[in-house]
Amino acid sequence: MAEYNHKEIEQKWQHYWAENKIFKAEVNPEKPKFYVLDMFPYPSGAGLHVGHPLGYIGSDIVSRFKRNKGFNVLHPMGFDAFGLPAEQYAIQTGQHPAITTEQNIKRYKDQLKGIGLSYDWDKEVQTCDPKYYKWTQWIFSQLYNSFYNNVSNKAEPIENLMAVFEKEGNKNVKAICDEDTSIFDAIQWNGLTEEKKALVLLKYRLTYPADALVNWCPELGTVLANDEVKDGFSERGGYPVERKKMRQWMMRITAYADRLAGNLEKLNWSESMKDMQTNWIGKSYGCELDFKVADKNITLTCFTTRPDTIFGVTYMVLAPEHELIDELTTSTHKEEVDAYVQKAINRSERERMSEVKTVSGVFTGSYVINPFTKEKVQLWVADYVLAGYGTGVVMAVPSSDDRDFRFATYYGLPVKKVIGGTEDLEDPTEIKYGKMINSGFITGMESKDAVLATIEHAEKEGFGKAKINYRIRDAVFSRQRYWGEPVPVYFTEDGVPHLIPEDELPLELPPVDEYLPTESGEPPLGRAKDWVYKGKYNYELTTMPGWAGSSWYFLRYMDATNEKAFVGSEVVKYWNSVDLYIGGTEHATGHLLYSRFWNMFLFDRGFIFHEEPFQKLVNQGMIQGRSNTVYKLKTENTFVSLGLKDQYDTIELYADVNMVYNDKLDIDAFKNWRAEYAEAKFILEDGDFKCGFVVEKMSKSKYNTVTPDAMIEKYGADCLRMYEMFLGPIELSKPWNTHGIDGVAKFLRKLWGLFFDYEGNFLVKDEKPRAEEYKALHKTIQKVEQDIESLSFNTSVSEFMICVNALNQLKCHKKSILENLLVVLSPFAPHISEELWQSLGHEQSIINAPYPVFNAAFIQEDEYEYPIMINGKLRTKIMFSLDKQPKEIELETLKNETVLKWLEGKQPKKVIVVPKKIVNLVV
RNA sequence: GCCGAAGUGGCGGAAUUGGUAGACGCGCACGACUCAAAAUCGUGUUCUUUCGGGAGUGUGGGUUCGAUUCCCACCUUCGGUACCA
């Protein structure tokens, strides 16, 4: 072969890999395993752009590297195939979402294969495949059949709980359950009807139906999880979201809040990612305190993290949604309170958010009694108190809480200062901690000690207890949509839910005539004809959310075709948890929390053997678009180059980045782009038409999308892979700019040139390398190996360039050098490496070639050129033998001509000689 | 507001535990080859300069013989989160 022909080579090797199942991963206890995982994509209609594969290329390099290093590597890919876009498209066109999804998946797979990624496609999973979602439904069933035991601190079968109920009721049970669960004994339990028993058990199950205040998105016709809502709008589509009470399946993730937060410490994740999860879980230590309502037989419990400020409580506040509001409102205030509550509840999330700094509230007419001081304070309703957090009741301490202070100031409520140092302050909330003042028995204590003292006192007196509170809420699991996993549940006439038995799974998605809600407002599944269980029981009509299928796919990959279990236990024992997981930050509080939850649950129940699914997590940065702009005169069909545009009255328009090179417009291509530009005139500068640029999101409407296909067509997959890595550290976001890719293309041609000359003559000879050649090679082996371990792929690419430049300079065509270099390069540029590897006479794929062993002897230097600095400024350099003693170096330096000139006859005060680093003279 | 990450040439970026700032590449300039162009190769390329130097890693200070690196304060950008009691 005369010239480097990427197209031919890449197709050849991609076929070879696929036909010979080179990347097939099978359990092999003889070999150490390594599991490299990419976050699996939702196959959108637009296909991949060059930003998507960034992480895939990085993980592919690690996978291939580990293979060369002797590991048994599991590196799978699949598709998160249920989802809104396909369904929205189905609503518009009537086409079944499965068809669109299949087409999109095919396109994605073609694109991924074109990049030469080393996936074991036999392990592919698609969440919308009934063979897959059978097991998603099975896991749902396991959750349904489990409760969380606070004593063993893990999930257990619900039968364990039932056995205890039969023996002694629930009075000694320490388990996670609904707040409103009442206490009963064995006699009461055993006396309950089956229906009643079932309803009680729902309060304990890890998945359960409940009336919950949810994020309802009318535009999408479904509820959304908290992490799917951003600033009051749906994350997908950007439609407004409102609060609504609906009956929903919920997941009791709160049972795992503590372990999810605590385990983070053990994980090799970025600090920012751990922080995001920690904040989302929002664990806070404090206590619950009971306030009796004056003249009423009601006790309100509030949660506070600052019980030390109890003597500063000057009023109390309820959330507008609080269920006792009617009872707590006196007749004289009824009208006002009702009006306020109505307004507050109807206010959309969005409005509430935009008015964060304004305060509003009304007095209920009732008073509560501070259990510590016996003081009567006013009870208010205000929407700054959230129903969903704590108990929906807040003790207000305006002297140490900003919001309380703002509220009290606005409504003229008293402020009582309880922390030392705040006595004379205008705004006492500036100081949050100190010595307590005006605080009864805790006066004089430090706030920290006072917290403990007050809790102790409250517990002794029986009106409070220490409590850990979490911000995280149970996750809404129902979606009022069609394109998702059916929930494997039917309802008997009494409304009690029952699981579809395991051997009848999967419960397949039935056909419907339209992908819209029914007339009566039921989800689309309500349209399915004759879709009833055993001919008489109604099925659950909501489907599972997107995160259901993605919460366990990493387990299914291990054993993708197992029909007896979601994953075989020997298999999961071997592959265990993911060693390296690469994906975007956007999944920090959704997918990464839910999958940890499900994994932990499956671990508790003994189905798998690792508590945490992802040991090391790396977030790849986003590749932003880099749009090009051109400037058209407002009144004429004439465009003006960037540098001259200020002399004219222009409007800015996009030019497709694919017809701009180094910000210079290809005018002919531009004229052909659109009919209205065919006759356009151009005002050039220095003979070129220069475009402006803007960095923004990559999208079709901005004409700044670049597809991997286009890059591969022109430069080849190896070039694209290396260039993407060369752009910078994998975790950094950066704009895509095709300009630099030529550098990598040149590198590949130079590499090729070490093997073949222009006529296609094979140049490689089996000769003994010289010291410089060994040095160039081993420097590269060392650097690249370190870089891959730390995922610094960008510097590896530089190193390869340096090495090939050096070998070119040395005119090195020696087999033993080039052979090793190819193995080191192969994870980055696998196709060209395979081809050249074969040209050296190898019959086996380079994928299994052993990684060269770095030998420090080859890069050993015996001399070093010391930079000589005088007062920290570099003045000259002197070569010294590395075994020369510092004292000798000092003496010789002081004799050096340049040094003497700079010393101007003065004697240096101090001479610092750092071996193999530097010499610094202080004058 | 709070939490986190990041600020280095015209551009992407490099610099191991504090030790020659700007590796590697793009772009640009000049040169070679060519009738010419492309490709390729070579040289130069932080700024400034009176060609001795001087300044320089967001800003201001500090520690040090020596700071892109460590400490303090601040500014900017990006990501997350937000009446969370």
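First the proteins, then the strands, lettered A, B, ... as listed; each starts at 1.
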Separation between the C1' atoms of B:rG60 and B:rA67, rounded to whole Å | 16 Å
Are A:Arg471 and B:rA82 close enough that a side-chain N or O sits under 4.0 Å from OP1 or OP2?
-> yes
Pair A:Asp402 + A:Lys432: basic N to acidic O under 4.0 Å = yes
Check ion pair A:Asp663-A:Arg626 (N to O, under 4.0 angstrom) | yes
Protein-nucleotide distance (A:Ile868, atom CD1; B:rC65, atom C1'), rounded to Å | 14 Å
Taking CG from A:Asn619 and C1' from B:rG80, how many angstroms apart are they, rounded to a whole number?
-> 12 Å
Grab the CD1-C1' distance between A:Ile918 and B:rA67 for me, whole Å please.
-> 12 Å
Of A:Tyr723 and A:Thr391, whose nearest nucleotide on RNA chain B comes first from the 5' end?
-> A:Tyr723
Can you tell me how far P in B:rC24 sits from the matching atom in B:rU43, rounded to whole Å?
-> 12 Å
Hey, would you say the A:Phe407 and A:Tyr384 ring centroids sit under 6.0 Å apart?
-> yes
Residue A:Asp742, side-chain atoms from C-beta onward, closest of B:rA85, B:rU20, B:rG27 = B:rG27
Do the side-chain N or O atoms of A:Asn279 get closer than 4.0 angstrom to the phosphate oxygens (OP1, OP2) of B:rC84?
-> no
Whole-Å distance between B:rG4 P and A:Trp269 CH2?
-> 18 Å
Which of these nucleotides, B:rC24, B:rC83, B:rG27, is closest to any side-chain atom of A:Met801?
-> B:rC24
Under 3.5 Å, is there a donor-acceptor pair between the A:Tyr285 and A:Asn469 side chains?
-> no
Expressed as a whole number of Å, how far does the P atom of B:rA82 sit from that of B:rG12?
-> 33 Å
Closest to the 5' end of RNA chain B, once A:Gly282 and A:Val744 are matched to their nearest nucleotides, is A:Val744
Checking all strands, does A:Lys901 fall into the base, sugar-phosphate, or nothing category for heavy-atom contacts under 4.0 angstrom?
-> nothing
Relative to A:Phe793, does A:Arg721 satisfy both conditions: NZ or CZ under 6.0 angstrom from the six-membered ring centre, and within 45 degrees of the ring's axis?
-> no
Over how many whole Å does the gap from A:Met869 atom CE to B:rG66 atom C1' extend?
-> 7 Å
Would you indicate which nucleotide in B:rG19, B:rC83, B:rU40 comes nearest to any side-chain atom of A:Lys746?
-> B:rU40
Is it true that A:Asp787 and A:Lys783 have a side-chain N and a carboxylate O under 4.0 angstrom from each other?
-> yes
Nucleotide of B:rU20, B:rG27, B:rA85 approaching A:Tyr864 most closely (side-chain heavy atoms) = B:rU20
Anti or syn - B:rG52, cut at 90° from 0 | syn
P spacing across the pair B:rC51 / B:rC71, given as an integer number of angstrom = 43 Å
Nucleotide nearest A:Tyr389 (side chain, heavy atoms from C-beta), chosen from B:rU40, B:rG12, B:rC84 | B:rC84
When the P atoms of B:rC84 and B:rG7 are considered, how many whole Å apart are they?
-> 32 Å
Carboxylate-amine/guanidinium contact A:Glu861 A:Lys916, below 4.0 Å | no
Can you tell me how far P of B:rC3 sits from CG of A:Leu264, to the nearest Å?
-> 19 Å
C1' gap between B:rA73 and B:rG25, integer Å = 38 Å
Distance check: side-chain N/O of A:Lys910 vs OP1/OP2 of B:rC65, anything under 4.0 Å?
-> yes
Length of the CD1-P vector between A:Ile741 and B:rG27, whole Å = 12 Å
Closest listed nucleotide, where the reference is the side chain of A:Phe726 and the choices are B:rG25, B:rU40, B:rG27 = B:rG25
Roughly how many Å is it from CH2 in A:Trp280 to C1' in B:rA82, rounded to a whole number?
-> 11 Å
Look at the side chain of A:Asp383 and decide which nucleotide, out of B:rC83, B:rA55, B:rC65, has an atom nearest to it.
-> B:rC83
Nearest-neighbour nucleotide for the A:Pro729 side chain, B:rA14, B:rA23, B:rU81 considered | B:rA14
Nearest-nucleotide pick for A:Asp275, side chain only, options being B:rG53, B:rG27, B:rC3 | B:rC3
Whole-angstrom distance between B:rU16 and B:rC78, as gauged at atom C1' | 28 Å
In whole Å, what separates the P atom of B:rA39 from that of B:rC30?
-> 16 Å
